[in-house]
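I have placed the structure first, in the form of structure tokens, so that the comments after it can refer back to it.
Order of the sequence lines sets the chain letters (A, B, ...), proteins ahead of strands, with each chain counted from 1.
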Number of protein chains: 2
Amino acid sequence: MQPELDPHPLRSKGFRLTPQRLAILNVLQEADCHLSPVEIFQRAEERLPGLTEATVYRTLDFLTDQGLALVAHLGSGHLVYETARHEHHHLVCRTCGQTAQIDHAVLETLYAQFQSSTGFEIDTSHVVFFGHCPACLKEMKSKVESGRS
Amino acid sequence: MQPELDPHPLRSKGFRLTPQRLAILNVLQEADCHLSPVEIFQRAEERLPGLTEATVYRTLDFLTDQGLALVAHLGSGHLVYETARHEHHHLVCRTCGQTAQIDHAVLETLYAQFQSSTGFEIDTSHVVFFGHCPACLKEMKSKVESGRS
DNA sequence: GTTGGTGCAAAGTGTTTGCAACCTC
DNA sequence: GAGGTTGCAAACACTTTGCACCAAC
């Protein structure tokens with residue numbers, strides 16, 4: 001049964017299993033949320049002193065190519081990465097940056113609609129919405145109130 | 001009747017109406033699509049020689065704050081801007097970068113669902129989806145075909 | 001005339017790259 | 001041992017900032 005037990009898809013694809021790649025994968029899996037390259041570097045460097053940022057960038061790129069990591073644009077124009085393990089989506093507050101997760105099921109119907117109207121197939125593994133969180137909404141509305149009459 | 005005819009919301013808010021701001025606003029409105037800061041700089045600089053990139057960045061930021069421009073993350077981790085005039089959304093191909101527009105109506109139902117489940121109010125002015133365009137999809141599928149059996 | 005806005009140039013940030021040494025296979 | 005990976009350091013692209021001058025009000 002050994003061959004099927006191989007825990008590292010990288011090996012089976014012919015890539016080398018380096019401490020750097022393992023450290024970064026572990027960071028992503030343990031964080032279980034989106035992290036910026038710098039955050040990933042900091043956490044991985046704790047486990048693997050001597051790790052460099054260049055390697056983090058290269059590895060994140062590599063892991064994304066191999067389907068082991070997902071990349072998204074959560075705001076501020078920069079990229080964030082997360083493990084490819086779980087199927088969920090993000091809702092980001094434009095005002096405070098707070099994020100909420102969206103259940104995958106909610107989007108399924110919508111995907112079908114998009115696909116039939118545009119031919120595009122939505123990347124089911126990760127979608128990001130921008131909006132305003134309840135707290136910021138409240139604040140914005142109170143400003144409007146005080147503004148009129 | 002003059003006061004009510006003022007065509008520039010900036011003036012009425014107490015901001016100055018400079019050639020730079022007008023040029024950049026015009027570029028956004030005429031492009032009628034998303035542009036990167038560099039593209040905006042290039043186009044605006046044709047109309048207003050001497051314009052600098054620093055001013056473009058400052059102005060885009062300013063216009064976004066004032067609600068006259070919208071900012072979005074369309075891929076590659078960088079920001080793009082567009083006029084706040086029209087209500088549409090983007091679908092970006094992760095493979096080739098091609099974009100499609102999505103009708104606003106399609107999303108309205110979804111927004112309601114999100115709002116009730118998370119309390120977030122989706123930014124109705126701009127949403128971006130990532131996926132794969134028909135052409136790239138076809139290519140990806142043919143690769144899978146050739147890969148198996 | 002005031003004060004906000006711009007140009008200029010420099011610095012800052014995040015990311016990529018070339019190359020020799022290294023380590024996984 | 002061979003070749004894929006990494007560390008190092010430099011280069012790179014994009015964006016922001018300080019300050020003096022200018023122009024819109």
How many Å lie between [atom1] on [X] and [atom2] on [N], as a whole number?
X: B:F41; N: D:dA13; atom1: CZ; atom2: C1'; result: 15 Å
X: A:F62; N: C:dT24; atom1: CZ; atom2: C1'; result: 13 Å
X: A:L51; N: C:dC22; atom1: CG; atom2: C1'; result: 15 Å
X: B:R21; N: C:dG7; atom1: CZ; atom2: P; result: 11 Å
X: A:Q42; N: C:dG14; atom1: CD; atom2: P; result: 10 Å
X: B:L60; N: D:dT15; atom1: CG; atom2: P; result: 10 Å
X: B:I24; N: C:dT6; atom1: CD1; atom2: C1'; result: 11 Å
X: B:L25; N: C:dG5; atom1: CG; atom2: C1'; result: 15 Å

Exercise. Do NZ/NE/NH1/NH2 and the carboxylate oxygens of A:R47 and A:E30 come within less than 4.0 Å?
Worked result: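 The answer is yes: the pair qualifies as a salt bridge.
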Taking the side chain as C-beta and beyond, is there a heavy-atom pair between [X] and [Y] under 4.5 Å?
X: A:L60; Y: A:P37; answer: yes
X: A:E82; Y: A:L35; answer: no
X: A:T55; Y: A:T52; answer: yes
X: B:I40; Y: B:Y81; answer: yes
X: A:L63; Y: A:L25; answer: yes

Using a cutoff of under 3.5 Å, can you pull out all pairs of nitrogen or oxygen atoms linking the protein to nucleotides 15-21 of chain C, with atom names and distances?
| from | atom 1 | to | atom 2 | distance (Å) |
| --- | --- | --- | --- | --- |
| C:dT15 | OP2 | A:Y57 | OH | 2.2 |
| C:dT15 | O5' | A:Y57 | OH | 3.2 |
| C:dG18 | O6 | A:R58 | NH1 | 3.3 |

For this session: Please confirm whether A:F41 and A:Y57 have ring centers closer than 6.0 angstrom.
Result: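 No, ring centres 6.0 Å or more apart.
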For this session: Give a yes/no on whether any side-chain N or O of A:Q20 is located under 4.0 angstrom from OP1 or OP2 of C:dC23.
Result: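 No, outside the criterion.
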For this session: Quick one: closest heavy-atom pair of A:E45 and A:L51, and the distance?
Result: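 It is CG-O, 3.8 Å.
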Please list, pair by pair, any protein nitrogen or oxygen found under 3.5 Å from a nitrogen or oxygen in nucleotides 23-25 of chain D.
| from | atom 1 | to | atom 2 | distance (Å) |
| --- | --- | --- | --- | --- |
| D:dC25 | OP1 | B:R11 | NE | 3.2 |
| D:dC25 | OP1 | B:L17 | N | 3.2 |

Exercise. Would a distance-only check, ignoring hydrogens and angles, find a side-chain to backbone donor-acceptor pair under 3.5 Å from A:R21 to A:R16?
Worked result: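 Flag set: sc A:R21 to bb A:R16 pair under 3.5 Å.
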